[in-house]
Novice: 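Structure in structure tokens, see below.
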Amino acid sequence: MARFVFDNSYARDLPGFYAPCPPQTVRAPHLLFLNQALADELHLDLDADAAQAHAELFAGNALPAGAAPIAQAYAGHQFGGFSPQLGDGRALLIGEVIDRHGRRRDIAFKGSGRTPFSRNGDGKAAVGPMLREVLIGEAMHALGIPTTRALAVVATGEPVQRETVLPGAVLTRVAASHLRVGTFEYFAARDDIERVRRLADYAIARHDPDIAGSATPYLDFLRAAIRRQATLVAQWMQVGFIHGVMNTDNMSIAGETIDYGPCAFLEQYVPERAFSSIDTHGRYAYRNQPGIAQWNLARLAETLLPLIDADQKRAVALATAAIEEFPPLYRERWLAGMRDKLGLNATMADDADSALIDDWLALLETAQVDFTLAWRRLAAAAEGMAEPLRTLFADSAALDAWLVRWQTRCRAEDGGDGRTAARRGERMRSINPWLIPRNHRVEEALAAASDHGDLGPFNALLAALRTPYNETPARQHLADPAPGEFTASYRTFCGT
Ligand code: AMP
Ligand code: MG
């Protein structure tokens, strides 16, 4: 029997913030994916169990001792409009464990059946979208981007009715917490200031213990959440990740990427790109993500106003100042990341570096160059091999002029030290991935698994995504951009 050492602080400390709810049992559970490395990190004792026992466990048919399944309450701004009552409609927090690094981690099911928050939904999930969470989440993790992670996926052996009938699945997801901006909004919308305070105290104890003794803990907490989000979104932008549904209920206070629904990666550098079928106005387009993050954080700030200061005017002034820190913070993180990607070590003149980066991106945009390939080939250009990069551009005159500026900046930094220059390409290849989850390869892998029960392409892609910086000729087909026609007509869907 599997053994988890649970310590369920949310269930224990926050009664009234959730509804206890058992998972629905499923007919014929079959294990599709198990993240053994993550299980080890979480101290989960699975070793003695066979695959069928794992399937029963991660289907929710046989909960481990000490699990306390609950559906968490939350609200959320969805595409700008407020829904006061969302909550875990198809998810359950089954408990928390302390991992090998001493960090508290949530273990949650997604797709485990109806809860008191299900409204008209069936509480279920399908194989394709749950395996998508595995692929994208593990890719993000390998790219060093904070993210929730998939521990297991079980096919339920039951059909799920969507536009077509799909095979059902349950995902087990691990998160630093499932506290969302929308969790705060739920209680603030009910004018339940005491519960907002308890939630904030809980969040501070869990994510920002160093500010617990501060004279202004709630303002400090807001600022910490702002810093985490600025860092996260800067990292998204640097790999071309488009979340696709940045509603406030999908924004984690812990600063992890959460809820992989209609997400996708940029191919050509087209900043206004949005792939989600329901994002008709491009609210959550690539280039809007920093602004939307700030907008969401302003919704968080509103919920904290009564805690920030008893004088409402003063509270608003303090919270506004904190929110206004987002753009420069984001810019600083973004600039630091872009300097790294460009192979620049030192912080030199910000204005000149900003212009260098902006002009590079303008080149990519004008020529509609593949974002990932361009950065990767720039690493070769650092070693004097600019030809592979040039071939990405129909007209390379503007590129050549820019390369001269970039090389001048690099030389200024190296101070004539040839060894520094030689290491630049290598360093750039350890920062600019060779492989991202290419949308067409993700779709292929999911279709094979969902339509034909063939996990081969999924497993091959997953293995490749774990080492995104290693150029591996045998995996070239996974790294190549999608045909232009594919990207032009590509639409993603919410995993409901
Ligand atoms: P999402 O778009 O997945 O972030 O979900 C938004 C809200 O809809 C959350 O409250 C979910 O719990 C709920 N929801 C999504 N899919 C389902 C479903 N199949 N059954 C019940 N609730 C769902
Ligand atoms: Mg969600």
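Numbering of ligands and ligand atoms starts at 1, following listing order.
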Novice: Do you know the tightest heavy-atom contact between Ala322 and Ile226?
Specialist: O-CD1, 3.4 Å

Novice: So, for Leu364 and Phe371, which heavy atoms are closest and what is the spacing to 0.1 Å?
Specialist: CD1-CD1, 4.1 Å

Novice: Show me which atoms of ligand 1 lie under 4.0 Å from any heavy atom of Gly123.
Specialist: 18 (C), 19 (N), 20 (N), 21 (C)

Novice: Would Gly87 count as a contact residue for ligand 1, given that I'm defining contact as a non-hydrogen atom of the residue lying under 4.0 Å from a ligand atom?
Specialist: yes

Novice: Where on Lys110 is there a heavy atom closer than 4.0 Å to ligand 1, on the side chain, on the backbone, on both, or on neither?
Specialist: neither

Novice: Between Asn8 and Ala68, what is the shortest heavy-atom contact and its length?
Specialist: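 For Asn8 versus Ala68, the nearest heavy atoms are ND2-CB, 3.6 Å.
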
Novice: Is the shortest side-chain heavy-atom distance between Glu443 and Tyr490 below 4.5 Å?
Specialist: yes

Novice: Where the side chain of Ser83 meets the backbone of Gln85, is there a donor-acceptor pair that is under 3.5 Å apart?
Specialist: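 Not confirmed, Ser83 side chain does not pair with Gln85 backbone.
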
Novice: Would you check whether Gln85 reaches within less than 4.0 Å of ligand 1, judged by its heavy atoms?
Specialist: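 So Gln85 does not count as touching ligand 1.
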
Novice: Is ligand 1 less than 4.0 angstrom away from at least one heavy atom of Ser118?
Specialist: yes

Novice: Measure from the Mg ion (ligand 2) to each N, O or S atom of Asp249 and report whether any distance is below 2.8 Å.
Specialist: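 It does not; every qualifying atom lies at 2.8 Å or beyond.
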
Novice: So which of Arg180, Arg90, Arg132 actually passes salt bridge (Lys or Arg N to Asp or Glu O under 4.0 Å) with Asp259?
Specialist: Arg180

Novice: Give the numbers and elements of all ligand 1 atoms closer than 4.0 Å to a heavy atom of Leu86.
Specialist: 10 (O)

Novice: Is the closest heavy-atom distance from Gly261 to ligand 1 below 4.0 Å?
Specialist: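 No, that is not the case, since the closest heavy atom of the residue is not under 4.0 Å from the ligand.
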
Novice: How are the rings of Phe58 and Phe4 set to each other: parallel, tilted or perpendicular (split at 30° and 60°)?
Specialist: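 If you compare the ring of Phe58 with that of Phe4, the planes turn out tilted.
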
Novice: Is the Mg ion (ligand 2) under 2.8 Å from any N, O or S atom of Asn250?
Specialist: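 Coordinating: yes.
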
Novice: Looking only at heavy atoms of Tyr74, does any of them come nearer than 4.0 Å to an atom of ligand 1?
Specialist: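 It does, in that a heavy atom of Tyr74 comes within the 4.0 Å cut-off of ligand 1.
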
Novice: For residues 436-457, which residue pairs qualify under ring-ring contact (aromatic ring centres under 6.0 Å, His included), counting only residues two or more places apart or in two chains?
Specialist: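 Applying ring-ring contact (aromatic ring centres under 6.0 Å, His included) to every pair that reaches into residues 436-457, excluding sequence neighbours, yields His440-Phe486.
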
Novice: Show me the pairs that pass ring-ring contact (aromatic ring centres under 6.0 Å, His included) and involve residues 91-148, at least two apart or across chains.
Specialist: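 Applying ring-ring contact (aromatic ring centres under 6.0 Å, His included) to every pair that reaches into residues 91-148, excluding sequence neighbours, yields nothing.
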
Novice: How does Asp122 reach ligand 1, by side chain, by backbone, by both or by neither, if only non-hydrogen atoms under 4.0 Å count?
Specialist: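 It is both backbone and side chain that touch ligand 1.
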
Novice: Looking at Arg119, which atoms of ligand 1 are within less than 4.0 Å of one of its heavy atoms?
Specialist: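 Contacts of ligand 1 toward Arg119, numbered from 1: 7 (C), 8 (O), 10 (O), 13 (C).
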
Novice: Is it the side chain (CB and beyond), the backbone, both or neither of Arg114 that lies under 4.0 Å from ligand 1, heavy atoms counted?
Specialist: neither

